[in-house]
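In what follows, a structure is listed as structure tokens, so that the remarks can point back to it.
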Protein chains: 2
Amino acid sequence: MKNHESELQTLLISTINGLKISMKSIMKEQGIPLSPLYFMILKRIHDTENCTANFLADVTEKDKGQITRLVKEVIAEGLVIKRPNPNDKRSQFLQLTDSGLTCYMTLENADKAVLKEMRSEVSDEELQQFLSVGAKMLTKLNAINHKKERG
Amino acid sequence: MKNHESELQTLLISTINGLKISMKSIMKEQGIPLSPLYFMILKRIHDTENCTANFLADVTEKDKGQITRLVKEVIAEGLVIKRPNPNDKRSQFLQLTDSGLTCYMTLENADKAVLKEMRSEVSDEELQQFLSVGAKMLTKLNAINHKKERG
DNA sequence: TTAATATAGTTGATTTTGTCAATTTGTTTT
DNA sequence: AAAACAAATTGACAAAATCAACTATATTAA
């Protein structure tokens, strides 16, 4: 068998690219003055009970400083508020406001529609397979990166 | 079956993220003062006969101005040269220099090693499947984005 | 129980990427 | 030849990412 690894990389890059383009176009359509990154932030806050900035930095693998600024922005837009974390005075819980939730739902629905259409010719079983293989590779990749970090 | 679309998106994002981190760390190790984007550029130039700036903008889906600047940079580094395109005086062919090739090969080999290890627990058949399903989704995604562009 | 160490979050400075519009030079169409 | 189009460049700017230093609180271990 040939080396398909390179193809793999190209495929992933192009796909992410396409998703980003799609999300941008959705946001533009909806007149929402945010970028795909903010959608990610809103989504995580929505999905995570007692979400903290630190958690965001962790799961998104982004710089803590960057997270601070992104969160500051969505707070300025009135989409998110901070609540004190009773267990730790250094940290705060992030929560969507009503308008944040509305905004998020709009984007989430449009995003889901794209993903749904994107996979419209892929069977449930194929997708399942795809996800499981992808997850396996991701685990491995994380192991490689993590090992290097320390080594 | 549940909605796995969202999982799909998360998987893709995390994987790309991991690959970028890996490439960054490779470049650092090798003492190559470039960023992952430049690797992409070098790779395309390497893989494409008579590669033009315009082609790069096309396949990478990036702004032409950005490409101009990226190319300017690799030329300044002595990794790439321009040759006139005999068929069109507006455009030029891009080509790796010897040192560009050396640099590219170094990165490419390290990159391949990562990809290879990443898929080390995935069989050829599984990978084949993965690529084929991924390609199907990418095609669909491009169709969606392309349609919107015009609509 | 305090002293050292670690963690959550913020800020500043800088670099890297991405975007938009205008311009130059050359090509294609009519 | 004029109009429309295309390749590449430039300027100005905005968004995203990186790195290091710093504040305030928590945790650990002497």
Side-chain angles (χ1 to χ4, degrees), chain A residues 13 16-25 27-28 32-41 45 48 50-77 80-94 145 149, chain B residues 13 16-25 27-28 32-42 45 48 50-77 80-94 149:
Chain A
I13 292 173
I16 283 294
N17 226 326
L19 286 174
K20 213 160 47 174
I21 289 170
S22 151
M23 176 50 72
K24 250 179 236 174
S25 124
M27 289 175 143
K28 203 169 165 186
I32 292 175
L34 297 173
S35 67
L37 239 190
Y38 288 98
F39 173 57
M40 203 160 124
I41 298 295
I45 294 176
T48 311
N50 296 337
C51 182
T52 64
N54 203 45
F55 174 80
L56 286 179
D58 236 51
V59 292
T60 64
E61 299 184 87
K62 294 194 183 304
D63 184 78
K64 288 195 304 175
Q66 194 185 358
I67 296 292
T68 296
R69 280 166 256 237
L70 290 168
V71 167
K72 207 190 274 178
E73 196 54 41
V74 283
I75 288 177
E77 301 271 355
V80 170
I81 51 167
K82 282 181 178 171
R83 288 183 304 114
N85 175 351
N87 310 313
D88 189 336
K89 282 180 198 159
R90 292 169 304 177
S91 107
Q92 288 139 297
F93 293 150
L94 303 170
N145 282 335
E149 242 171 55
Chain B
I13 292 173
I16 284 293
N17 226 327
L19 286 174
K20 212 161 48 171
I21 288 170
S22 151
M23 176 49 71
K24 250 179 238 174
S25 123
M27 289 175 143
K28 203 171 166 186
I32 291 173
L34 296 173
S35 67
L37 240 189
Y38 288 98
F39 173 58
M40 202 162 126
I41 298 296
L42 295 181
I45 294 177
T48 311
N50 296 336
C51 182
T52 65
N54 204 46
F55 174 80
L56 285 179
D58 236 50
V59 292
T60 63
E61 299 185 89
K62 295 195 182 303
D63 184 77
K64 287 199 299 177
Q66 193 183 0
I67 296 291
T68 295
R69 280 167 254 237
L70 290 169
V71 167
K72 206 190 273 177
E73 196 54 39
V74 283
I75 288 178
E77 301 271 354
V80 169
I81 51 168
K82 282 179 179 174
R83 289 184 304 113
N85 175 350
N87 310 314
D88 188 334
K89 283 179 197 159
R90 291 169 304 180
S91 106
Q92 287 140 296
F93 293 149
L94 302 170
E149 241 172 54

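These values consider heavy atoms only, across backbone and side chains, with no hydrogens, waters or symmetry-generated copies. Each chain gets a letter, A, B and so on, in the order its sequence line appears, and its residues count up from 1.
- Residue A:Thr68 is classed as a base contact, given a heavy-atom separation below 4.0 Å to a base.
- Backbone-only contact: A:Asp88 has heavy atoms under 4.0 Å from sugar-phosphate atoms and none from a base.
- Counting any heavy atom pair closer than 4.0 Å across all strands shown, B:Leu37 reaches sugar-phosphate atoms only and no base atom.
- Summarising the local packing, NZ of B:Lys62 is surrounded by more than 12 heavy atoms from other residues, nucleotides or ligands at distances under 6.0 Å.
- Rounded to whole angstrom, the span from the NZ atom of B:Lys64 across to the P atom of C:dC20 amounts to 15 Å.
- Residue contacts shown for B:Lys89 are limited to sugar-phosphate atoms, with no base heavy atom under 4.0 Å away.
- Look at CG on A:Asp63: it is 13 Å from C1' on C:dA13, rounded to the nearest Å.
- In this structure, CG of B:Leu70 is placed 7 Å from P of C:dT17, rounded to the nearest angstrom.
- Atom CG in A:Asp58 sits about 11 Å away from atom P in C:dT7, given to the nearest Å.
- Whole-Å rounding puts the B:Asn87 CG to D:dA7 C1' distance at 13 Å.
- With the nearest nucleotide of DNA chain C identified for both B:Pro33 and A:Ile67, A:Ile67 has the one nearer the 5' end.
- The side chain of B:Ser91 lies closest to D:dA8 when the candidates are D:dA8, D:dT10, C:dA8.
- Within the model, atoms CG of A:Asn87 and CZ of A:Phe93 stand 5.5 Å from one another, a figure rounded to the nearest 0.5 Å.
- Not a single donor-acceptor pair under 3.5 Å links the side chain of A:Asn85 to the backbone N or O of A:Ser91.
- The residue among B:Asn54 and A:Pro86 whose nearest nucleotide of DNA chain D lies closer to the 5′ end is B:Asn54.
- Closest heavy-atom contact between A:Thr52 and A:Leu94: C-CD1, 4.0 Å.
- Between the side chain of B:Arg90 and the base of D:dA8 there is no donor-acceptor pair of N/O atoms closer than 3.5 Å.
- Here C:dG18 presents its C1' atom at 14 Å from OH of A:Tyr38, a figure rounded to the nearest Å.
- If you take CD1 of A:Ile41 and P of D:dA15, they are 16 Å apart, rounded to a whole angstrom.
- Both A:Lys24 and A:Phe93 lie near DNA chain C, and the one whose nearest nucleotide falls closer to the 5' end is A:Phe93.
- In this structure, A:Lys62 atom NZ and D:dA16 atom C1' are separated by 8 Å, rounded to whole Å.
- In this structure, A:Gln66 does not reach the D:dA16 phosphate: none of its side-chain N or O atoms is under 4.0 Å from OP1 or OP2.
- Once rounded to the nearest 0.5 Å, the distance linking CG of A:Leu70 with CD1 of A:Ile75 reads 11.0 Å.
- In this structure, of D:dA24, C:dG18, D:dA15, it is C:dG18 that holds the atom nearest to the side chain of A:Lys20.
- Between the side chain of A:Arg69 and the base of C:dG12 there is at least one donor-acceptor pair of N/O atoms closer than 3.5 Å.
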